[in-house]
Amino acid sequence: MLEKWMLKNINADVKNISQKLGISEVLCRVLLNRGITDYYAAKSFIESNEKYMLNPILMKDIEKGVEIILDSIKDKSKIAVIGDYDVDGVISTFMLYSSLKRIGAEVIYEIPHRINDGYGINKNIIDKVLKEGAKTIITCDNGISAIEPINYAKEKGLKVVVTDHHDVPFEERDNERVYLNSNADAIINPKQMDCSYPFKQLCGAGVVLKFIQLLYEKKGIDKKESDAFIEYAAVATVCDVVDLTGENRIIVKRGLEFINNSKNIGLRSLIKVSGLENKKITTYHLGFIIGPCINATGRLDIAKKGVELLLTCDEYKALEYAKELVELNNERKNMTLKGVKEVLEEIENSSLKDDKIIVVYNKEIHESIAGIIAGRIKENYNKPTIVLTCGEECVKGSGRSIESYNIFEGLLKCSDILIKYGGHPMAAGLSLEEKNIELLRRRLNDDSNLTDEDLIRKITLDMHLPIDKITIEIAEELKLLEPFGKGNEKPLFGEKNVKLLRAIKIGDGNFLKFKLCNKENIASIDGLYFGDIDEFEAFVIGKYGKDELNNLYNGLPNNIIIDVAFNLDVNEYMGYKTVQLIIQSYR
């Protein structure tokens, strides 16, 4: 696939700024590329500790919401926590339920079923908690867009507190956006236009964390107890793929410290069953191992099992729950692989591959994994992708997009042929009648204005970093930027005209280890490549010939010269540290 390499170029006196901050020019350049341009911002980014956390009281309606909950407890009114079926929703539900129990509330919780209920609070759930005697509802990770269900709850005499982080819904009226609100007693969401909370990127569990902080403060509970919830908010923050900047960065950095010494029996059991015991847990483990196991319950079973895992104090039960979650995730992975293969075959054997926006319909795909498959197809083609499948009453699906296309806006233009839709610029969900699938595909493509240039994958480099300038000190210093994730990706550097001295297949032939050298032959370094080896070999043969590839593998002189985009990594073996490149792309 074609790639366009671009170099970030922030105009600034890097030398002067780095001296003031007492950091290297490399680290200074990376910070500038992330919009961190002054001393205080740099200091808070690097330190990322609790003293930089914002006061919850700045959030609109949070005091009102806390008072409603405290009054409900005082009146001995039953409170129902209503969450969502993804990781963020499950974690948020657990956090609210646990914190309310701690302060003496009579509390129950409900999570909608992905297939039977769909996303968020609905009338059926409201009727269910009413039958169980609830007088107050508090939502988490949902509720901002549930206008009708919440108004229904109010009609039934319930008090309603909404905690959410999703975009505020709106209607287009005379080419103007009119933002919509329900009749909830308190709506706590930093994305509201009139909310003065400075940081807008919290996930659902992040908003719940702020709620608990104020709730415990009002009850006179030691701050250490509210801080203990940071480890759970960290899992949700990473798994909901919000930007790891500002308060999110503090939550995840501090949360990882808690997780690596977790006292939660359920979380410890999941770490053990996932094969991570005695390993240092990182954002990678949260996002690609632990999170997906919790998510799998909401995709293929009942999301409540994730909450039960975190709530249990029984070690035997915790292990049983953890094993079930891991098995469900393995099942989900197998279903995903099968679905991706089928969808790729369908696209390649049809005119769909020529579309700028891919809309594909496969009746056999489980609707809970349509979004995952759409993400994989999007990555393969670097095109916005919508994967549709059969729902209970209509066609349902999910879309994933690229930076140059707002998929939510695209669906907004097609709202007249959709039954339901929602989302944000990079991801969306939708439902429609089967007869409108081809019309949706045609209209999205006709209206997109995407160019061929937009569909070229972009590789954005932090800076040019020559091999002879790379040191172990720079690699170690860059660890100050951890934890990495969305909005704070690992620094990506580039070097031109790199000579490949030799290559070895290692790890059962799954990845390559290179010895690389700069064009002046004055500095060499090791590099690892975890990408497609067959594709790399075909590239070398096509450019330089098969003999040169053989020479490379045999460590013989060759004429292979490439540009590389890479991260820096510290390799430690028997107490000896060396710096190596992790090659992300080549040309």
Side-chain angles (χ1 to χ4, degrees), residues 34 48 84-92 94-95 141 165 201-206 209 229-260 262 264 266-277 279-300 303 306 309-310 322 325-326 328-330 332-333 336-337 340 368-369 371-376 378-379 398 400-401 424 426-427 479 481-492 530-531 567 569 582 584:
R34 281 145 184 72
S48 293
D84 188 35
Y85 44 66
D86 68 357
V87 181
D88 193 13
V90 167
I91 295 281
S92 299
F94 161 76
M95 289 170 64
D141 192 35
H165 73 113
Q201 302 303 317
L202 292 169
C203 69
L209 178 66
F229 285 97
I230 287 176
E231 72 174 292
Y232 310 109
V235 178
T237 299
V238 171
C239 294
D240 217 52
V241 202
V242 288
D243 286 355
L244 290 196
T245 56
E247 224 169 1
N248 286 341
R249 175 171 165 77
I250 300 167
I251 288 169
V252 174
K253 189 173 182 179
R254 186 76 178 105
L256 284 169
E257 295 172 16
F258 278 102
I259 290 165
N260 279 290
S262 183
N264 185 287
L267 189 55
R268 285 209 317 264
S269 295
L270 187 55
I271 288 169
K272 181 178 181 178
V273 175
S274 300
L276 300 177
E277 197 171 31
K279 291 186 180 179
K280 184 182 178 183
I281 305 298
T282 66
T283 52
Y284 172 83
H285 300 118
L286 299 185
F288 292 97
I289 300 175
I290 293 169
C293 289
I294 297 172
N295 222 356
T297 62
R299 291 188 185 280
L300 305 182
L309 170 78
L310 296 171
L325 265 60
V326 170
L328 280 169
N329 191 45
N330 288 334
R332 189 272 310 164
K333 285 193 282 189
T336 301
L337 287 172
V340 169
S368 70
I369 59 170
I372 301 174
I373 294 171
R376 301 277 176 86
K378 183 261 296 186
E379 287 297 320
S398 291
R400 298 293 183 269
S401 197
H424 53 80
M426 298 297 286
K479 288 182 179 181
L481 300 173
E482 293 176 351
F484 298 116
K486 182 176 178 289
N488 182 39
E489 287 80 9
K490 285 184 179 180
L492 188 64
F530 296 94
N567 312 121
D569 180 60
I582 305 297
Q584 298 296 343

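Residue numbers start at 1 and run along the sequence shown. All of these numbers come straight from a predicted model, not from anything done at the bench.
- Applying the 6.0 Å contact sphere to NZ of Lys253 captures more than 12 heavy atoms from other residues, nucleotides or ligands.
- Annotation for Ala234 and Gly255: closest pair CB-CA, 3.8 Å, computed over non-hydrogen atoms.
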For this session: Evaluate the criterion side-chain contact (heavy atoms from CB on, under 4.5 Å) for residue pair Val242 and Leu202; output intermediate values, then yes/no.
Result: CA-CA 7 Å; Val242 288; Leu202 292 169; over 6 Å; no
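- Under the side chain to side chain contact (heavy atoms under 4.5 Å, CB included) criterion, Lys279 pairs with Leu276, not counting sequence neighbours.
- Rounding to the nearest 0.5 angstrom, the gap separating the CD1 atom in Ile290 from the SG atom in Cys239 is 8.0 Å.
- Across every non-hydrogen atom of Arg249 and Leu481, the tightest pair is NH1-O, 2.6 Å.
- Shown here for Pro483 and Val252, the closest heavy-atom pair between the two residues is CG-CG1, 3.6 Å.
- The minimum heavy-atom distance between Gly89 and Asp141, with the atom names listed, is N-OD2, 3.2 Å.
- Between Asp88 and Ala205, the shortest heavy-atom contact is OD1-N, 2.8 Å.
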For this session: Please lay out, stage by stage, how Arg299 and Ile372 fare under the test side-chain contact (heavy atoms from CB on, under 4.5 Å).
Result: CA-CA 11 Å; Arg299 291 188 185 280; Ile372 301 174; 3.6 Å; yes
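- No side-chain heavy atom of Val90 sits under 4.5 Å from any side-chain heavy atom of Asn295.
- With rounding to the nearest 0.5 Å, the separation of CG in Leu310 from CG in Leu270 is 8.5 Å.
- Remark: Leu256 CG to Leu286 CG distance equals 5.5 Å, nearest 0.5 Å.
- If you check the side chains of Glu231 and Ser262, you find a donor sitting under 3.5 Å from an acceptor.
- Atom CD1 of Ile251 sits about 12.0 Å away from atom CZ of Phe258, to the nearest 0.5 Å.
- No hydrogens or angles considered: a donor-acceptor pair under 3.5 Å links the side chains of Asn264 and Tyr232.
- When all heavy atoms are compared, the tightest approach of Thr297 to Gly306 is OG1-N, 4.1 Å.
- Under the salt bridge (Lys or Arg N to Asp or Glu O under 4.0 Å) criterion, Lys486 pairs with Asp243, sequence neighbours left out.
- In this structure Glu257 satisfies the salt bridge (Lys or Arg N to Asp or Glu O under 4.0 Å) test together with Arg254, sequence neighbours excluded.
- A 4.5 Å side-chain heavy-atom check between Phe94 and Leu309 finds every atom pair outside the cut-off.
- More than 12 heavy atoms of other shown residues, nucleotides or ligands fall within 6.0 angstrom of atom CZ in Phe530.
- The distance from atom CD1 of Ile369 to atom CZ of Arg332, rounded to the nearest 0.5 Å, is 8.0 Å.
- Between Asn329 and Ile294 there is no side-chain heavy-atom pair separated by less than 4.5 Å.
- Put simply, the side chain of Thr283 gets close to the backbone of Phe484: a donor and an acceptor are under 3.5 Å apart.
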Problem set entry | Criterion side-chain contact (heavy atoms from CB on, under 4.5 Å) on Cys293 and Leu328, from CA distance to verdict | CA-CA 7 Å; Cys293 289; Leu328 280 169; over 6 Å; no
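- Counting heavy atoms from C-beta on, the side chains of Lys378 and Arg376 never come closer than 4.5 Å.
- Counting heavy atoms of neighbouring residues, nucleotides and ligands inside a 6.0 Å radius, atom NZ of Lys280 does not exceed 12 of them.
- Inter-residue side-chain proximity for Val326 and Ser274 is flagged as met; some heavy-atom pair is nearer than 4.5 Å.
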Exercise. Are Lys490 and Ile582 close enough, and set up right, to give a side-chain contact (heavy atoms from CB on, under 4.5 Å), and what steps lead you there?
Worked result: CA-CA 11 Å; Lys490 285 184 179 180; Ile582 305 297; over 6 Å; no
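- Rounding to the nearest 0.5 angstrom, the gap separating the CD1 atom in Ile259 from the CD1 atom in Ile281 is 8.0 Å.
- The closest side-chain heavy-atom distance from His165 to Asp240 is below 4.5 Å.
- Proximity of a side-chain donor or acceptor of Arg400 to a complementary backbone N or O of Glu379 within less than 3.5 Å is not detected.
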